[in-house]
Amino acid sequence: MPAKSFNRSDRVSAELRREIALLVHAAVREHALPSVSVSDVEVTRDLDMATVFVTALIGDKGPEATKALNELAKEFRRELSRSMKLRRVPELRFRYDDSVDKGERIESLLRGEAGIGNGE
């Protein structure tokens with residue numbers, strides 16, 4: 001079985017995920033933002049743009065937190081340029097990852113239907 005090859009954008013994406021998670025955690029505390037965590041980072045092949053997906057502990061606070069993180073993106077990028085060994089740090093764009101919210105909604109619907117099917 002051949003080994004899976006990881007291209008540069010995958011490696012940069014993984015490193016950015018670790019570094020940005022630390023920066024976001026600090027920003028949440030420092031700026032009193034709603035609690036969010038970094039779920040994924042996708043980097044373009046040319047490494048010019050990185051889309052950072054975040055999830056919120058309180059689902060309806062996610063868009064508010066994402067907006068605040070986008071406002072802090074330049075500061076994060078400056079910090080990353082100091083901590084990472086990259087010639088050019090990608091521009092950061094934060095997006096709210098609603099997959100957790102959708103999963104919880106589906107789970108609650110399934111639980112509700114299971115109650116109906118049991119003669120209740």
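Because only heavy atoms are used, hydrogens play no part in the values below, and waters and symmetry mates are left out as well, while side chains stay in.
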Notebook entry, point to check: For residues 37-47, which residue pairs qualify under salt bridge (charged side-chain N to carboxylate O under 4.0 Å, His left out), counting only residues two or more places apart or in two chains?
Noted result: Arg17-Asp40

Next item on the list: Check side chain to side chain donor-acceptor pair (under 3.5 Å) between Asp98 and all other residues, then give those that pass, not counting sequence neighbours.
Entry: none

Notebook entry, point to check: OG of Ser35 to CZ of Arg29: how many Å apart, nearest 0.5 Å?
Noted result: 9.5 Å

Next item on the list: For Glu30, enumerate each residue passing the side chain to side chain donor-acceptor pair (under 3.5 Å) test, keeping only those at least two apart in sequence or located in another chain.
Entry: none

Checklist line | Residues that Asp48 engages under salt bridge (Lys or Arg N to Asp or Glu O under 4.0 Å), provided they are two or more places apart | finding: Arg88

Checklist line | ring-ring contact (aromatic ring centres under 6.0 Å, His included) contacts touching residues 26-53 (sequence neighbours left out) | finding: none

Item checked: Members besides Leu16 in its Ile/Leu/Val/Met/Phe/Trp/Tyr cluster (side-chain heavy atoms under 4.5 Å) -> Val12, Ile20, Leu23, Val24, Val28, Leu33, Val36, Val38, Val41, Val43, Leu47, Val52, Val54, Leu69, Leu72, Phe76, Leu80, Met84, Leu86, Val89, Leu92, Phe94

Checklist line | Pairing residues for Arg82 by the salt bridge (Lys or Arg N to Asp or Glu O under 4.0 Å) criterion, not counting sequence neighbours | finding: Glu79

Next item on the list: Not counting sequence neighbours, which residues clear salt bridge (Lys or Arg N to Asp or Glu O under 4.0 Å) with Arg93? List them please.
Entry: none

Item checked: Non-neighbouring partners of Thr55 that pass side chain to side chain donor-acceptor pair (under 3.5 Å), sequence neighbours left out -> Ser37

Next item on the list: Just jot down the side chain to side chain donor-acceptor pair (under 3.5 Å) partners of Arg18, sequence neighbours excluded, or say none.
Entry: Glu15

Check: Linking Ile, Leu, Val, Met, Phe, Trp and Tyr through side-chain heavy atoms less than 4.5 Å apart, which residues share a cluster with Met49?
Finding: none

Next item on the list: With sequence neighbours excluded, give me every side-chain hydrogen bond (donor to acceptor under 3.5 Å, both in side chains) pair touching residues 65-75.
Entry: none

